[in-house]
Amino acid sequence: MAMVFQDPLSSLNPTVQIGTQVTEVLLEHRDMSRAEAAAEAVVLLDRVGIPDPRRRLKEYPHQLSGGMRQRALIAMALACSPRLLIADEPTTALDVTIQAQILDLLKELVVETGTALVMITHDLGVVAGLCDRVHVMYSGKIIETADRHELFARPRQPYTGGLLASVPRLDAGRGTPLTPIRGSARDAIPWAEGCAFAPRCDNAQDDCLTEVSGSTVPLEYDGPGRQLRCRHPLEYPPAPSGATALGATR
Ligand code: SF4
């Protein structure tokens, strides 16, 4: 397993050349000589799209742009051919253009190397563009799991529905107010007392705060490929026959 962290500037050692930081991974974990590690570092930087990798290896993190630094971190993460890559908000510190480039790079690398990618993000646009399956978490627990298309077309948990409804839409009329989820994350109650989202949920009823067989609101089967932690989920009219999940209306 390997991990790519949120802020590339603070993840890299500012006093050590990029080349030393990349080769360190190879020397520690791949039993290479210094010469072999140096040659492999060039290949790795080239693979993540860093131009002139030989020169970049001699530079310090502050001499690279934000996008380059994140590419260098991804190169380090890929150095040992991980079967699982965990990326924790890897594009949050980057502007949108570079963000798109990094997401494209991750997509390419997953296809090319067969590495599984777990993307941790608050950005629903990133989820829509990159992920196959989505696990929505609230207050430390998974509250809904589904295929990406299913989840975006028919969110069942009110928190998931609230997240999607709060995304600003370009096709909304001028002056259309945003639709936030009321309250804040601080309003969550402990799961041991009931559904943590209950204080903010428009569907909440008394049984959302009642404990059943050791778990207040268990994660349960909610149709093929779906799981849900909710007593009173969002409902949808039946899809017309032959309609795909993506074509379902909310
Ligand atoms: S369990 Fe109840 S409070 Fe929690 S999200 Fe579902 S309806 Fe709302």
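None of the values given here were measured: they were computed from a predicted structure. Side chains included, hydrogens not; waters and symmetry mates left out as well; all remaining heavy atoms used. Whatever order the structure lists them in is the order used to number ligands and atoms, beginning at 1.
Atoms of ligand 1 found under 4.0 Å from any heavy atom of Ala198, numbered from 1 in the order shown, are 3 (S). For ligand 1, the atoms closer than 4.0 angstrom to any heavy atom of Pro158 are 5 (S). Those atoms of ligand 1 that come under 4.0 Å of a heavy atom in Asn203, given as number and element, are 7 (S). Residue Ala204 approaches ligand 1 through these ligand atoms, each under 4.0 Å from one of its heavy atoms: 3 (S).
Side-chain contact between Leu178 and Ser166 is absent, with no heavy-atom pair separated by less than 4.5 Å. Looking only at side-chain heavy atoms (C-beta outward), Val136 and Gln157 stay at 4.5 Å or farther from each other. Looking at Phe197 and Ile143, their side chains never come closer than 4.5 Å, going by heavy atoms from C-beta outward. You'll find the side chain of His232 reaches within 4.5 Å of the side chain of Cys208, heavy atoms only. The closest side-chain heavy-atom distance from Thr121 to Glu89 is below 4.5 Å.
Between Asp202 and Arg182 there is a salt bridge, since at least one side-chain N of the basic residue sits less than 4.0 Å from a carboxylate O of the acidic one.
Coordination check, Cys195 versus atom 8 (Fe) of ligand 1: failed, since every N/O/S atom of the residue sits at 2.8 Å or beyond.
Protein heavy atom closest to atom 6 (Fe) of ligand 1, with residue, atom name and distance, is Cys230 SG, 2.3 Å. Here the protein heavy atom with the shortest distance to atom 5 (S) of ligand 1 is Gln157 NE2, 3.4 Å. For atom 2 (Fe) of ligand 1, the closest non-hydrogen atom of the protein is Cys208 SG, 2.2 Å. Here the protein heavy atom with the shortest distance to atom 8 (Fe) of ligand 1 is Cys201 SG, 2.4 Å. Closest to atom 1 (S) of ligand 1 among all protein heavy atoms lies Arg231 N, 3.2 Å.
Grouping the Ile, Leu, Val, Met, Phe, Trp and Tyr side chains by contacts below 4.5 angstrom, directly or via other members, places Ile181 with Phe152.
Here the closest heavy-atom approach between residue Gly129 and residue Lys107 is recorded as O-NZ, 3.2 Å.
Contact annotation: for Arg229 versus ligand 1, there are no heavy atoms closer than 4.0 Å.
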